[in-house]
Visitor: 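Below is one structure. I have some questions about it.
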Amino acid sequence: MTTKKTHPADVADLALIPACKKFTATILKNNKPQTSEFDTLAGARLEAAKLNATANNSRKALVHAITAEGRAILVPALYGRTPADAGSEAAKADDKARDAKAAKAAKPAKVARPAKAKSARKAKAKPAAKKAAKREGSKVEIVIAMLTGKKAVTRKDIAEATEWPSINIKAICARKGMKLKKAADGTLSASAPK
């Protein structure tokens, strides 16, 4: 196994970590960062392990050391670890996550099904997809109802009714087999869907 050579800038950053007085553990949940601040690296690593255990989006928590100037330095998972640290809770959690990832990668590949079975499955899926598209009160159904109604509507009316500001009315009509008509005054109407 070859070892990866550390970049000189990373070596300089790693040298700054012992002087840091503040550490953070951050994870992305629901596309928003969740950050906790600690005075010690061990505390931040323990919190990162807890965040990893609660995350269900396969993201890992990152530990950063914050310099006196406010610059964040990513702390590698194995930074400062010794054989004595192997029993700590944070090290156990990191090892468990690493083992789970390796086990997932080592799983055998799925056996391919015959082509007939796939096409039969797809044939069954199409009616279900059509039922999902026709559910009551969906935004597409609202657009279709407004376009096929007796009253002519504007693009602004549809956007307000659906609370969907970037709507592609032309694409919806094309997908449903409807003919979109635009009047000289800017109002829209369409034929019934097929």
Side-chain angles (χ1 to χ4, degrees), residues 1-113 118 121-122 125 128-129 132-133 138-140 155-156 159-160 162-172 175:
M1 184 173 143
T2 59
T3 57
K4 188 175 169 185
K5 186 175 179 183
T6 307
H7 191 276
D10 293 335
V11 172
D13 283 348
L14 293 176
L16 296 174
I17 293 175
C20 294
K21 302 284 186 223
K22 206 172 9 170
F23 299 89
T24 62
T26 305
I27 195 164
L28 199 62
K29 285 189 177 178
N30 300 325
N31 293 326
K32 293 180 183 175
Q34 182 179 344
T35 304
S36 303
E37 200 171 290
F38 297 89
D39 294 332
T40 64
L41 177 58
R45 279 189 166 156
L46 188 59
E47 179 66 18
K50 289 177 185 175
L51 291 172
N52 286 339
T54 61
N56 59 358
N57 57 4
S58 73
R59 295 186 186 268
K60 288 194 71 169
L62 300 176
V63 175
H64 289 90
I66 310 299
T67 64
E69 297 84 35
R71 194 170 133 238
I73 300 169
L74 179 65
V75 179
L78 299 176
Y79 173 80
R81 292 268 167 92
T82 64
D85 293 336
S88 73
E89 284 186 49
K92 285 179 184 175
D94 284 344
D95 293 342
K96 186 176 179 182
R98 203 173 302 115
D99 292 344
K101 189 174 181 181
K104 188 176 181 182
K107 282 185 180 176
K110 290 185 179 178
V111 177
R113 292 183 181 175
K118 281 188 177 181
R121 218 176 338 127
K122 285 184 181 179
S138 72
K139 291 180 181 184
V140 172
R155 175 179 284 282
K156 184 178 179 183
E160 288 174 357
T162 59
E163 296 177 357
W164 205 3
S166 60
I167 186 169
N168 191 340
I169 297 169
K170 193 183 282 186
I172 292 171
R175 191 171 57 233

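For this chain, numbers begin at 1 and follow the sequence in order.
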Visitor: Using side-chain hydrogen bond (donor to acceptor under 3.5 Å, both in side chains) as the criterion, list what pairs up with S36, not counting sequence neighbours.
Guide: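 Not a single residue meets the side-chain hydrogen bond (donor to acceptor under 3.5 Å, both in side chains) criterion with S36.
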
Visitor: Using every non-hydrogen atom in the two residues, find where I172 and W164 come nearest and quote the distance to one decimal.
Guide: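 In terms of heavy atoms, the two residues are closest at CD1-CZ3, 4.3 Å.
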
Visitor: So I66 and E37, do their side chains get closer than 4.5 Å, heavy atoms only?
Guide: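 E37 vs I66: side chains apart.
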
Visitor: Does a side-chain heavy-atom distance below 4.5 Å link E47 with V63?
Guide: no

Visitor: Got a sec, which residues hit salt bridge (charged side-chain N to carboxylate O under 4.0 Å, His left out) with R71, two or more places apart in sequence or on another chain?
Guide: D13

Visitor: Nearest 0.5 Å please: distance from the NZ atom of K60 over to the CG atom of L28.
Guide: 15.5 Å

Visitor: Rounded at 0.5 Å granularity, tell me how far NZ in K21 sits from OG1 in T67.
Guide: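 Between K21 NZ and T67 OG1, I get 12.5 Å after rounding to 0.5 Å.
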
Visitor: Of the non-hydrogen atoms in F23 and A44, which two are nearest, and what is the gap between them?
Guide: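 Closest approach of F23 to A44: CB-CB, 3.7 Å.
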
Visitor: I want to check something: taking the side chain as every heavy atom from C-beta on, are R45 and V75 in contact at a cut-off of under 4.5 Å?
Guide: yes

Visitor: Do V11 and L14 come close enough that some side-chain heavy atom pair is under 4.5 Å?
Guide: no

Visitor: Where do P33 and T26 come nearest, in terms of heavy atoms and distance?
Guide: CB-CG2, 4.1 Å

Visitor: Looking only at heavy atoms, what is the nearest atom pair of A25 and A48, with distance?
Guide: CB-N, 3.9 Å

